[in-house]
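Keep in mind that this is a model prediction, so the values were computed, not measured. Index from 1, following the sequence.
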Amino acid sequence: MADLLDRGTAQEYASWFRALADPTRVQIVEYLARRDRPLPVAEIVAAVGLAQSTVSQHLKVLTEARFVLVEPVGTARHYRINAPLRRLLPVRRRRRDGPPGAESLHGVLVTAVAIRAMRAADAARVLAIYQAGMDAGNASFEHTAPTWPAFDAGRLPAHRFVAVEPGDPGTVLGWVAVSAVSARAVYAGVVEHSVYVDPGARRRGVGRALLDALIAATEAAGIWTIQSGVFPENTASLALHHAAGFRTVGIRERVGRHPAQGNRWRDVVFIERRSPYIT
């Protein structure tokens, strides 16, 4: 039973699947994903070809599941895709110069990956990917991956995900997890995250898929800020986070010495993502 998804998270995922059980709702979500901007009901009605009352009911279900978000535009209500959940129905352009099944998303060669909750059975792969990131020199001040009990104790159980091959859910390609930044109640909605991708799975959209899953899960749980520190030399990680909606707050200069690099001083770029929907 220890490897089962917790009940609360399973119920949340089940609500997502129920929301997409109707083909018309899938069409609406895909249409909003392709338009990628707030749309009035009239435009959605014209695209779907059903009565406004029917479309409005479908939109109500989708907004309750947070696949679709509502934005006031004057006195009207516009609807748009919830970006973190967009990867469940990706809209991509096929690359002519890539391998079969490969597609292009914002210039990055990607192939399909699946996201699921992290399990204790993933420990060896998760820690190996963690160690590989540390060995590269620009991922962390730490230089040795922790034991699984230490890793498990320091991360919030509801917000740990792994990326896997769609046809092989046991093959972990990367992971993301968060820790609480404080035990004080006023900081209950602030977490610090880490995301690591296997070196052999880079440029497949794994990191972005993991961040999108994390953002969707934390927002659904009422978490309003995700933060982290990134070495300025890790330009790929900074670009990934900025594309996922993170902003650079500032640079902490010479904030720590790197023990595996002769105790040299390192700067850290402090980044955060504040949810635009939790006020």
Side-chain angles (χ1 to χ4, degrees), residues 2-21 23 25-26 29-30 33-34 62 65-67 81-95 98-106 108-130 132-133 151 155-178 193-221 226 240-241 243-245:
D3 288 342
L4 283 178
L5 190 66
D6 68 272
R7 188 68 179 178
T9 303
Q11 289 175 336
E12 179 185 350
Y13 290 171
S15 72
W16 294 355
F17 293 126
R18 284 195 296 271
L20 293 177
R25 292 199 284 271
V26 175
V29 169
E30 195 276 339
R34 280 192 288 113
L62 291 170
R66 291 188 63 79
F67 271 100
I81 193 72
N82 186 346
L85 296 177
R86 178 177 182 171
R87 295 189 70 91
L88 294 178
L89 282 172
V91 179
R92 298 170 178 166
R93 301 180 304 277
R94 184 169 302 281
R95 277 187 57 152
E103 297 170 311
S104 174
L105 181 64
H106 304 304
V108 177
L109 181 63
V110 297
T111 53
V113 297
I115 304 296
R116 63 166 172 78
M118 187 185 296
R119 307 166 182 161
D122 300 321
R125 280 292 296 155
V126 166
L127 297 180
I129 292 171
Y130 199 178
F151 181 98
R155 276 76 180 177
L156 300 181
H159 305 299
R160 311 177 190 174
F161 300 96
V162 293
V164 298
E165 296 283 5
D168 185 4
T171 301
V172 176
L173 306 174
W175 60 268
V176 67
V178 303
H193 82 292
S194 299
V195 57
Y196 284 78
V197 176
D198 186 287
R202 290 174 184 164
R203 293 190 61 79
R204 289 185 54 183
V206 174
R208 181 58 187 271
L210 288 165
L211 285 180
D212 285 351
L214 176 67
I215 291 167
T218 53
E219 286 191 341
I226 307 172
L240 167 67
H241 283 87

### Task
Would you please name every residue forming a side-chain contact (heavy atoms from CB on, under 4.5 Å) with Ala201, sequence neighbours left out?
Leu173, Val197, Asp198, Val206
### Query
Of the non-hydrogen atoms in Ala117 and Asp122, which two are nearest, and what is the gap between them?
O-OD2, 4.2 Å
### Task
Could you check Arg119 against Val126 for side chain to side chain contact (heavy atoms under 4.5 Å, CB included), going step by step and ending with a plain yes or no?
CA-CA 10 Å; Arg119 307 166 182 161; Val126 166; over 6 Å; no
### Summary
Pro199 meets the side-chain contact (heavy atoms from CB on, under 4.5 Å) criterion, sequence neighbours left out, with Ala132, Arg202
### Summary
Residues passing the side-chain hydrogen bond (donor to acceptor under 3.5 Å, both in side chains) test with Thr171, sequence neighbours excluded, are Asp168
### Summary
Of all heavy-atom pairs linking Arg204 and Val113, the shortest is NH2-CG1, 3.9 Å
### Query
Got Phe67 and Asn82 here, is their nearest side-chain heavy-atom distance under 4.5 Å?
no
### Query
Quick one: side-chain hydrogen bond (donor to acceptor under 3.5 Å, both in side chains) partners of Arg18, sequence neighbours excluded?
none
### Task
Apply salt bridge (Lys or Arg N to Asp or Glu O under 4.0 Å) to Arg155 and list each qualifying residue two or more places apart in sequence or on a separate chain.
none
### Non-neighbouring partners of His193 that pass side-chain hydrogen bond (donor to acceptor under 3.5 Å, both in side chains), sequence neighbours left out
His241
### Message
Checking Ile115 now: which residues fulfil side-chain contact (heavy atoms from CB on, under 4.5 Å) with it, not counting sequence neighbours?
### Response
Phe161, Ala163, Ala209, Leu210, Ala213
### Query
Just by modelled atom types, is the Met118 backbone N or O under 3.5 Å from a matching donor or acceptor in the Arg160 side chain?
no
### Query
Which class fits the ring pair Trp175 and Tyr130: parallel under 30°, tilted 30 to 60°, perpendicular over 60°?
perpendicular
### Contact summary for Ala19 and Arg25, nearest pair of heavy atoms
O-NE, 2.7 Å
### Task
Check Ala243 against Arg208 and note the closest heavy-atom contact, atom names and distance.
O-NH1, 3.4 Å
